[in-house]
Asker: 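Structure below; questions to follow.
Keep in mind the model is a prediction, meaning the values are calculated, not measured.
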Number of protein chains: 2
Amino acid sequence: MLEARLEQANLLKKVVDSITNLVQDCNFDCNDSGIALQAMDNSHVALVAMMLRSDAFSPFRCDRNIALGINLTSLTKVLRCAQNEDILTLKAEDAPDVVNLVFESAESDRLSEYDIKLMDIDQEHLGIPDTEYAASITMPSAEFQRITRDLLALSESVSIECTKEGVKFSCQGDIGSGSVTLRSHTNVDNEDRNVSIDLSEPVSLMFSLKYLSNFCKASGLSSRVKLSLSNEVPLLVEYALPSNSFLRFYLAPKIGDED
Amino acid sequence: MLEARLEQANLLKKVVDSITNLVQDCNFDCNDSGIALQAMDNSHVALVAMMLRSDAFSPFRCDRNIALGINLTSLTKVLRCAQNEDILTLKAEDAPDVVNLVFESAESDRLSEYDIKLMDIDQEHLGIPDTEYAASITMPSAEFQRITRDLLALSESVSIECTKEGVKFSCQGDIGSGSVTLRSHTNVDNEDRNVSIDLSEPVSLMFSLKYLSNFCKASGLSSRVKLSLSNEVPLLVEYALPSNSFLRFYLAPKIGDED
DNA sequence: TATGTACGGT
DNA sequence: ACCGTACATA
């Protein structure tokens, strides 16, 4: 059986809000190391991979591998029933029909409980190779969100060009063109505002802004985001979560880039 | 060529936000004295006239007269890409296809650049006579905004009656009627709250509240607004901007007033 | 359902 | 002045 207690119901809420636009139904794969999720979006252009390690829960118990096939719209509806500081406990049997969610108020004066029916989902489990990327950029997640939002006003695609000195996001559209250039810099006072670039080789790739701005709905999960790029390889957009957990998005580049 | 640097990108943002409900496309007429704009709304009831004098920019350079025909929705999209304290530089060639907007962060660690395609706009340039008005009222812009918003809940039209002693805004509607009367008064402590009236002859005119409340979107540009009226002549609503610049709205009175 | 705009609160 | 929420629209 599974029993996993999460002090911040909000964490799961934000994760699900961040991916519900990309994925309708998916398996939450539970085992003794934690709860993992991996799913491609409908058009098979993007992939979401989440890992909530057992350390993120207290306590965490999972005797066997269990795949919980959940409709994310249903899960969203139930998670909306949690209040802001509620503590969430996920429970399931070993061969479950339902997953059980219990919300406790911090003061334990209120307890809500929901069951969501499970579904069988064909797992198309992709091994994601542990790529060495040519460039990785770590920057404020709010800034990345702002850039994708701004450029989306002009175009559907953005070109990301990265050199040792900086990164340039640019696009062309019907009403005109735009670009935002960030220089790699370190701010001693406020590390959260740093833009740091780790690069072995310059890269230039083009991506769908619609997807990127969908990924950015995860900005509330972490003040920082890491973009990892190599030419002709999917972009990795990663939000670090507490206890070495993470939410990662992969997005295939647009071919015929630089048009 | 034109090159005009505005410390407060926000100023242009607010101006454009204030008029975008009235005008879709219009020319920004640039010459060595500054940047001017004049446009009628679609139904030819209202007229907007803006003047940003060269002194409002630093530096300002404009060698020749250039008319920049801009779609205000596009301009709004691009201006939304400015962050709050960004410095804006407008650039254009002498016979331009595009206008170039550059946003610099105060710390210069971010530079965004946008091009907006220009359009040819038939200029219906009205000479606006420099009328001597029978009455002019200067009052807090927030107060005028509040009055138009309140009365709009009751009616589509407002009657403005002004005497030496005060000004009365009144309306009748289906659910009832309402009026707000302001007495001319001087507040030594807080000049911004003064209501001052300069009158040679009493006036009584009726105007569309919809338009007035649209004009009031400019309230953020100035704490004060000046209303100038003469019988049977368009109302002038004026917001003073820094460096002797201004944003003015003209609105024809409703005929058959006092109904 | 998602996006863009408007408003009110902090 | 900024952010977040709420409403309305597409």
Asker: dT1(C) P sits how many Å from Leu22(A) CG, rounded?
Answerer: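 In whole Å, dT1(C) P lies 15 Å from Leu22(A) CG.
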Asker: Which nucleotides of nucleotides 4-10 of chain D have their base under 4.0 Å from a protein heavy atom (B), which only their sugar-phosphate (S), and which neither (-), written as one string 5' to 3'?
Answerer: -------
Asker: Could you pull out all residues at least two apart from Glu143(A) that satisfy salt bridge (Lys or Arg N to Asp or Glu O under 4.0 Å)?
Answerer: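 Expected list: Arg110(B).
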Asker: Going by the salt bridge (charged side-chain N to carboxylate O under 4.0 Å, His left out) test, which pairs reach into residues 147-156 of chain B, not counting sequence neighbours?
Answerer: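 Sorted result for residues 147-156 of chain B: Arg146(B)-Asp150(B).
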Asker: In whole angstroms, how far is the C1' atom of dA2(C) from the CG atom of Asp41(A)?
Answerer: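 Spelled out: CG on Asp41(A) to C1' on dA2(C) is 16 Å.
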Asker: To the nearest angstrom, how far is Lys13(B) atom NZ from dA1(D) atom P?
Answerer: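 To the nearest whole Å, that distance equals 12 Å.
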Asker: Using a 4.0 Å heavy-atom cut-off, does Glu85(B) contact any base of the nucleic acid, only the sugar-phosphate backbone, or nothing at all?
Answerer: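 Touches sugar-phosphate only.
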Asker: For Arg248(B), enumerate each residue passing the salt bridge (Lys or Arg N to Asp or Glu O under 4.0 Å) test, keeping only those at least two apart in sequence or located in another chain.
Answerer: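 Arg248(B): salt bridge (Lys or Arg N to Asp or Glu O under 4.0 Å) contacts with Glu238(B).
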Asker: Protein-nucleotides 3-9 of chain C N/O pairs closer than 3.5 Å?
Answerer:
unit_1 : atom_1 : unit_2   : atom_2 : d
dT5(C) : OP2    : Arg80(B) : NH1    : 2.6

Asker: Residues two or more places apart in sequence or in another chain: which of them pass salt bridge (Lys or Arg N to Asp or Glu O under 4.0 Å) with Asp115(A)?
Answerer: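 Listed in chain order: nothing, the list is empty.
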Asker: Excluding sequence neighbours, so at least two apart, what forms side chain to side chain donor-acceptor pair (under 3.5 Å) with Asn244(B)?
Answerer: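 Listed in chain order: nothing, the list is empty.
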Asker: What I want to find out is whether Glu3(B) reaches Arg5(B) closely enough, with some N-O distance under 4.0 Å, to be called a salt bridge.
Answerer: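 Salt bridge between Glu3(B) and Arg5(B), a charged N being under 4.0 Å from a carboxylate O: no.
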Asker: Rounding to a whole Å, what distance do you find between Asp17(B):CG and dC2(D):P?
Answerer: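 That distance rounds to 13 Å.
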Asker: Taking only residues two or more places apart in sequence or in another chain, which ones pass salt bridge (Lys or Arg N to Asp or Glu O under 4.0 Å) with Glu191(B)?
Answerer: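 Expected list: none.
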Asker: What residues, two or more places apart in sequence or in another chain, satisfy side-chain contact (heavy atoms from CB on, under 4.5 Å) together with Ala46(A)?
Answerer: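 side-chain contact (heavy atoms from CB on, under 4.5 Å) list for Ala46(A), sorted by chain: Asp41(A), Tyr211(A), Phe215(A), Leu251(A).
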